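Beneath this line is the structure, given in structure tokens, with notes to follow.
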Amino acid sequence: MPELPEAETIARELDGTLTSRVVCGVSLLRADVFRGDRGALAGLVGQRVEKSARRGKRVTVQFEGGERLVFALGMSGRLAVVSADAKVEVHTHLRVGFDGGVELRFCDPRRFGGVYLFAKGAAVVGERLGALGPEPLEISAQAFHGLLDRRRQIKALLMDQAVIAGLGNIYADEALHRAGVHPMRLGAELSEVERRALWRGMRSVLRAAIKHRGTTLVDYRDPDGAPGSFQRKHRVYRRDGQPCRTCGVMIDKIVANGRSTHFCPQCQALGE
DNA sequence: CGCATTTCCTGGAGGC
DNA sequence: TGCCTCCAGGAAATGC
């Protein structure tokens, strides 16, 4: 499930391979993954790519004319840059051909993801595309502390894209472990010291994961088809029943915010 | 406001 | 071998 580090890896690679290329063809194989004006999609032909970037978990390809093609990858969404004559894999929903014989393909078996196209200057908001909170790698410690001041489970706050953009189930669990904070604590009840630890833990886990080109558990691949390697560095996620890498106590798994949640009962005690 | 529940969808795992 | 059921999970909608 692509979260911020995976989206960052994808965006960097697209930025390197697609920038300055001109669209020569667009083919939508599955209409319902595209949430926007289909006519405008055909209008991309002839447009030149200015850059590719990430915001939260989303990947954007920006064109010189100002249009932005936005990909929300959901949990199984994948972007691949391949030769135009490469075999088309199952669940490929969109193909964007470029000069030089390369093609960008959006593939998403479970179809939780979506593709959006926004005109120059238009706000990036649409069906299943809510407004995004600040970037976890850019927000100041001070501002982050303020975000947590609500009587809501800290794990739910971290995973709410409108609160802070980019953390999903994996990195929320990993950030909480690094900070030594139990996932079911209420945000408003965290001390200044704990909030600071969470800010640092969140940033350090995201930076480390980007360095390892993300986490591949099942589906995730970068646009070259290569997996990430950060799963080897996970301290809690999907490590239930195994010893904590910090203290040796068995990692536990519970449901919080409707999601499987992994934590160390010793390092992340609930307290009294 | 917060929170649990349901919906979407498919592949993989486990049961028999 | 093959069928069946269950589950994961991002985000939004619904009901309490």
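Chain naming here is simple, since letters A, B, ... match the order of the sequence lines and numbering starts at 1 in each. What you see is a predicted model, and the numbers here were worked out from it, not measured in a lab.
Scanning residues 146-158 of chain A for heavy-atom distances under 4.0 Å to DNA chain C yields an empty list. For residues 105-114 of chain A, proximity to DNA chain B is found at A/Pro109, A/Arg110, A/Arg111, A/Phe112, defined as any non-hydrogen atom under 4.0 angstrom from a strand atom.
Listed pair A/Tyr237 / C/dG9 meets the phosphate criterion, a side-chain N or O lying under 4.0 Å from OP1 or OP2.
A nucleotide of DNA chain B counts as in contact with chain A when one of its atoms lies under 4.0 Å from a heavy atom; the first and last such, 5' to 3', are B/dG2 to B/dG11.
Under a 3.5 Å cut-off, the side chain of A/Gln268 and the backbone N or O of A/Gln266 do not form any donor-acceptor pair. The backbone N or O of A/Gly56 lies less than 3.5 Å from a partner atom in the side chain of A/Arg54, making a donor-acceptor pair. Between the side chain of A/Gln161 and the backbone N or O of A/Gly166, at least one donor-acceptor pair lies under 3.5 Å.
In the helix from B/dG2-C/dC16 to B/dC16-C/dG2, the end axes, each obtained as the rotation axis mapping the C1' atoms of four pairs onto the next four within a five-pair block, lie 50° apart to the nearest 10 degrees.
A/Ser260 comes within 4.0 angstrom of sugar-phosphate atoms only, judged by non-hydrogen atoms across all strands, and of no base.
Checking A/Arg55, A/Arg58, A/Lys57, A/Arg203 one by one against A/Glu135, the salt bridge (charged side-chain N to carboxylate O under 4.0 Å, His left out) holds for a single residue, A/Arg55.
Partners of A/Arg111 by side chain to side chain donor-acceptor pair (under 3.5 Å), not counting sequence neighbours: none found.
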message: Before you tell me yes or no, could you show the steps for A/Val236 and A/Thr261 under side chain to side chain contact (heavy atoms under 4.5 Å, CB included), namely the whole-Å CA-CA distance, both residues' side-chain angles and the distance that decides it to 0.1 Å?
response: CA-CA 9 Å; A/Val236 285; A/Thr261 296; over 6 Å; no

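Linking ILVMFWY side-chain heavy atoms closer than 4.5 Å, directly or via other members, places A/Leu104 and A/Leu41 in a single hydrophobic cluster. A continuous path of Ile, Leu, Val, Met, Phe, Trp and Tyr side chains, each step under 4.5 Å between heavy atoms, connects A/Val59 with A/Leu28, placing both in one hydrophobic cluster. A/Ile10 and A/Phe112 sit in two unconnected hydrophobic clusters of ILVMFWY residues. Membership requires side-chain heavy atoms under 4.5 Å apart, directly or through other members. Residues A/Met202 and A/Met184 fall into different hydrophobic clusters, defined by Ile, Leu, Val, Met, Phe, Trp and Tyr side chains chained together at heavy-atom separations under 4.5 Å. No single ILVMFWY cluster, assembled from side-chain heavy atoms under 4.5 Å apart, contains both A/Leu148 and A/Met159.
In this structure, A/His234 and A/Tyr171 have perpendicular ring planes: the angle between them is above 60°, well past the 30° mark.
Heavy-atom contacts from other residues, nucleotides or ligands closer than 6.0 Å to CD of A/Glu89 number 12 or fewer.
At a threshold of 4.0 Å, the pair A/Arg196-A/Glu192 does not count as salt-bridged, since none of the basic side-chain nitrogens sits closer than that to a carboxylate oxygen. For A/Arg152 and A/Asp160, the salt-bridge test passes: some basic side-chain N is under 4.0 Å from an acidic carboxylate O.
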statement: With B for base contact, S for sugar-phosphate-only contact and - for none (protein heavy atoms under 4.0 Å), nucleotides 11-16 of chain C reads BS----

